[in-house]
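By convention in this document, chain letters (A, B, ...) are assigned in the order of the sequence lines, proteins followed by strands, and residues within each chain are numbered from 1.
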Amino acid sequence: MKISSMFLHTLKEDPKDAEVTSHKLMLRAGMIRKVSSGIYSYLPYGLAILRKVEAIVREEMNKSGAQEVLLPGVQPAELWEESGRWDFYGKELLRFKDRKGAQFAIGPTHEEIITDLVRNEVRSYRDLPLNLYQIQTKFRDEMRPRFGVIRAREFIMKDAYSFDVDEKGAEKNYHAMQTAYERIFTRCGLKFKAVEADTGTIGGSFSHEFMALADTGEDVILSCTKCQYAANIEKAEIVRPDSLKMADAPSGKPEKVHTPQVKTVEEVANFLKVRPQDIVKTLIYTTDAGVIAALVRGDHEINEIKLKKALGCDTLELADETTIESATKAPRGFAGPVGLNIKIIADMGLVTNGPFVSGANELNHHLKNVWLSRDVKISAIDDIRNAEAGDLCPRCKQGTFEMIHGIELGHVFKLGTKYSKSMNATFLDETGKQQLIIMGCYGIGISRTVAALIEQCHDDDGIILPVSMAPYPFLILPIDVKSQEVMDTATAIYEGLKALNIPALFDDRDERPGVKFKDADLIGVPYRITIGPKTLKEGAVEIRERTTKVTEKISKDSVIEYCKKVLKEKHINL
RNA sequence: CGGGGCGUAGCGCAGUCUGGUUAGCGCACCUGCCUUGGGAGCAGGGGGUCGGAGGUUCGAAUCCUCUCGCCCCGACCA
């Protein structure tokens, strides 16, 4: 491709809107342009990289036995009502009416559509197992789109759905997807980690997320320093203490102290000269099972997903001021467990400690010398806090957790019969009995993968594409387009690569060398072939590797061979 | 949804507080000259309903009211 005629417009300056590196570079390299918040157009160069990811995904999905389909972006409300998600999904589901007034949504995911399709086609166990996937644009009306295409509202996703006759088959499909994902992200040249994840409202026995390691990642992962265990903070387990009984207390009773305007854990710790871990944080929640109090140590953070699970409730929300006041008889900031008349659940991190400081349920007062075993009626003790760096690993019990950040690229999980049940997707087994299909679903954020890759692979000059991700592995750069000799050589190389179907960019613009060098670095082409009058006098051209910045001088006649060799070494078949 | 910030040429910004010629600068773009190994230089040029609507005023980018959009922090969401 000749750059002079390419729809490629690079920017010298960082666009104001962009915060993270990948977003800045994707805009500067002319890959994307913003249309609206969280909505982007892909320009030729950006699309070309996107296609590289898609190609790898297709190859590996097909190899694993999945078959490609293409489902509609617009989905009728009826199917969502059938699965129960029309009311449940919330504002992220963009809804609208057609001219007849019928309700539709723009698909944020496709469980309903695929389940509907499969239930209409699959009759017998002979039709199973099945794994269907698609690569398609999805829309989720995110409250706060961020980081360019990393958290966009409109984005491109590969989603696959598996259908099996039994649990064993479902498990097999799950593992097939896991290994496919490992291969996909490895081939993309990404540093990633598969971590245990929460299954969310979807349920099922387990799920894994594939995280690209990046400091700017929104997800927090806890990873054992000794063994393989790694999990999303939402899920990361904490070692259970030997006993879930609160530490024995001496006789006595809590002592009320005056603490004017002292509310937060930090303020209380400073004011009363105690450590944060000697304070009990009391959080009041409104749930579908009533108002409850959750207790965690002052230095710990509550984990609402764990809390929800421990309580067995569906909805959970920090209580508002009015609810807090009616439950504790005190304004926010002074809640404490002593004398509370609502259900109290305590984190197991509290069992070995005492005495504690807590709120006194009275304005400007706290209690000292509180023993949970003596002074508080606890209904349950469970793991309801976030794991943190330094915690003992729950698996090997030798290593400790370190905290890393990641960008969620892929998610595999078992759906079980959630959708087949609500939407009645069944088959007849060998004995003629009707059975529910066991499902799984597996997503990869394609557009997000491109951004994650750039987040990992760049330097001060721009993007550094691995050869596997480069739509054009080579860029031919004549220093002076007015020099006949230079242009003849450059053109010969360009045509030579073209004849072999090796994609290359030809920077034939009448620009000064510096401009072309900067652009070449910015868009991240792995190999730059520079043709200038100086080296040409020796019959040579230069090849510079983007990653290492090492320049090598080679004979102008051996360039094609060199390129072929590079591709072979990197196992790229074009 | 709460808090903060910003909308002036394709991009980045000044001008707004304190109203007053033809609204300015850098980059990008067009023409010419010159130059050609890391975003050169000179000369000339095109491009703006100052986010939108309404109002105040002799006069509004500037003041007032409403509104839309975008960004950041938080909440929310899986």
With rounding to whole Å, what would you report as the distance between [N] and [M] at their [atom1] atoms?
| N | M | atom1 | answer |
| --- | --- | --- | --- |
| B/G41 | B/C34 | C1' | 8 Å |
| B/C25 | B/A14 | C1' | 7 Å |
| B/U22 | B/U18 | P | 24 Å |
| B/G32 | B/G37 | C1' | 26 Å |
| B/G4 | B/A9 | P | 27 Å |
| B/U67 | B/G24 | P | 34 Å |
| B/U62 | B/G26 | P | 25 Å |
| B/U56 | B/C66 | C1' | 15 Å |

Item to check | Evaluation steps, salt bridge (charged side-chain N to carboxylate O under 4.0 Å, His left out), between A/E92 and A/R140 | outcome: CA-CA 5 Å; A/E92 276 189 28; A/R140 292 182 189 170; 5.0 Å; no

So, using ring-ring contact (aromatic ring centres under 6.0 Å, His included) as the criterion, who are the partners of [X] when residues are at least two apart?
| X | result |
| --- | --- |
| A/Y133 | none |
| A/Y442 | none |
| A/F517 | none |

Next on the checklist: Tell me which pairs pass salt bridge (Lys or Arg N to Asp or Glu O under 4.0 Å) where either residue lies in residues 455-465 of chain A, with sequence neighbours left out.
Outcome noted: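 Qualifying pairs, neighbours excluded: A/D459-A/R546, A/D459-A/K549, A/D461-A/K549.
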
Can you measure [X] atom [atom1] to [N] atom [atom2] for me and round it to whole angstrom units?
| X | N | atom1 | atom2 | value |
| --- | --- | --- | --- | --- |
| A/D141 | B/A78 | CG | C1' | 15 Å |
| A/I150 | B/C72 | CD1 | C1' | 16 Å |
| A/R144 | B/A75 | CZ | P | 10 Å |
| A/E142 | B/C71 | CD | C1' | 16 Å |
| A/M143 | B/C71 | CE | C1' | 18 Å |
| A/E19 | B/C70 | CD | C1' | 13 Å |
| A/H23 | B/C70 | NE2 | P | 13 Å |
| A/R28 | B/A28 | CZ | P | 13 Å |

Please determine, for [N], whether a Watson-Crick or G-U wobble partner exists with both distances under 3.5 Å, and give it or none.
| N | answer |
| --- | --- |
| B/U16 | none |
| B/G26 | B/C11 |
| B/G2 | B/C73 |

Sugar-phosphate only, base, or nothing, as touched by [X] at under 4.0 Å among non-hydrogen atoms:
| X | result |
| --- | --- |
| A/R33 | nothing |
| A/R140 | nothing |
| A/E234 | base |
| A/T535 | base |
| A/G90 | nothing |

Checklist entry - Below 4.0 angstrom from OP1 or OP2 of B/A28, is there any side-chain N or O of A/K12? => result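 It does, given that an N or O in the side chain of A/K12 lies less than 4.0 Å from OP1 or OP2 of B/A28.
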
Checklist entry - Does A/R512 make a side-chain N or O approach to OP1 or OP2 of B/U35 shorter than 4.0 Å? => result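 A/R512 to B/U35 OP1/OP2: no side-chain N or O under 4.0 Å.
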
Item to check | For A/Q178, all residues meeting side chain to side chain donor-acceptor pair (under 3.5 Å), sequence neighbours excluded | outcome: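 Partners of A/Q178 by the side chain to side chain donor-acceptor pair (under 3.5 Å) criterion, ordered by chain and then number, come out as A/H175, A/H208.
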
Next on the checklist: Tell me every residue that passes side chain to side chain donor-acceptor pair (under 3.5 Å) with A/R95, counting only those two or more places apart in sequence or in another chain.
Outcome noted: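 Result, side chain to side chain donor-acceptor pair (under 3.5 Å) vs A/R95: none returned.
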
Item to check | Counterpart residues, side chain to side chain contact (heavy atoms under 4.5 Å, CB included), relative to A/D510 (two or more places apart) | outcome: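 Partners of A/D510 under the side chain to side chain contact (heavy atoms under 4.5 Å, CB included) test: A/V481, A/K482.
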
Item to check | Partners meeting side chain to side chain contact (heavy atoms under 4.5 Å, CB included) with A/E317 (sequence neighbours left out) | outcome: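 A/E317 satisfies side chain to side chain contact (heavy atoms under 4.5 Å, CB included) with no residue once adjacent residues are dropped.
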
Checklist entry - What parts of residues 295-303 of chain A reach RNA chain B, counting only heavy atoms under 4.0 Å away? => result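 Listed by number, there are none.
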
Item to check | A/F210 and A/F185 aromatic ring geometry - parallel, tilted or perpendicular at 30°/60° bounds | outcome: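 Tilted, since the angle between the ring planes falls between 30° and 60°.
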
Next on the checklist: What I want to check is whether an N or O donor and acceptor connect the side chain of A/D480 with the base of B/G37 at under 3.5 Å.
Outcome noted: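 Between B/G37 and A/D480, which were checked side chain against base, a qualifying N/O pair under 3.5 Å is absent.
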
Item to check | Protein proximity profile, nucleotides 4-13 of chain B - base contact B, sugar-phosphate-only contact S, no contact -, cut-off 4.0 Å on heavy atoms | outcome: --S----BSS

Considering only distance and modelled atom types, tabulate donor-acceptor pairs under 3.5 Å from the side chains of residues 297-306 of chain A, sequence neighbours left out.
| residue | atom | partner | partner atom | Å |
| --- | --- | --- | --- | --- |
| A/R297 | NE | A/D299 | OD1 | 3.0 |
| A/R297 | NH2 | A/D299 | OD2 | 2.9 |
| A/H300 | ND1 | A/R385 | NE | 3.4 |
| A/E301 | OE1 | A/N386 | ND2 | 3.2 |
| A/N303 | OD1 | A/I305 | N | 3.0 |
| A/N303 | OD1 | A/K306 | N | 2.9 |
| A/N303 | ND2 | A/I233 | O | 3.2 |
| A/N303 | ND2 | A/E234 | O | 3.3 |
| A/N303 | ND2 | A/N386 | OD1 | 2.9 |
| A/E304 | OE2 | A/Y285 | OH | 2.9 |
| A/K306 | NZ | A/A236 | O | 2.7 |
| A/K306 | NZ | A/D383 | OD1 | 3.4 |
| A/K306 | NZ | A/D383 | OD2 | 3.1 |
| A/K306 | NZ | A/R385 | O | 2.9 |

Checklist entry - Would you call A/D521 and A/R544 a salt bridge, using N to O less than 4.0 angstrom? => result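 Result for this pair is yes, salt bridge flagged.
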
Look for any protein N or O under 3.5 Å of an N or O in nucleotides 30-34 of chain B and output each such pair with its distance, or none.
none

Checklist entry - Quick one: on RNA chain B, does A/R509 or A/N232 contact a more 5' nucleotide (nearest heavy atom)? => result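 Here A/R509 is the residue nearer the 5' end.
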
Item to check | RNA chain B: 5'-proximal contact among A/L318 and A/A18 (nearest heavy atom) | outcome: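 With A/L318 and A/A18 compared, the 5'-side residue is A/A18.
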
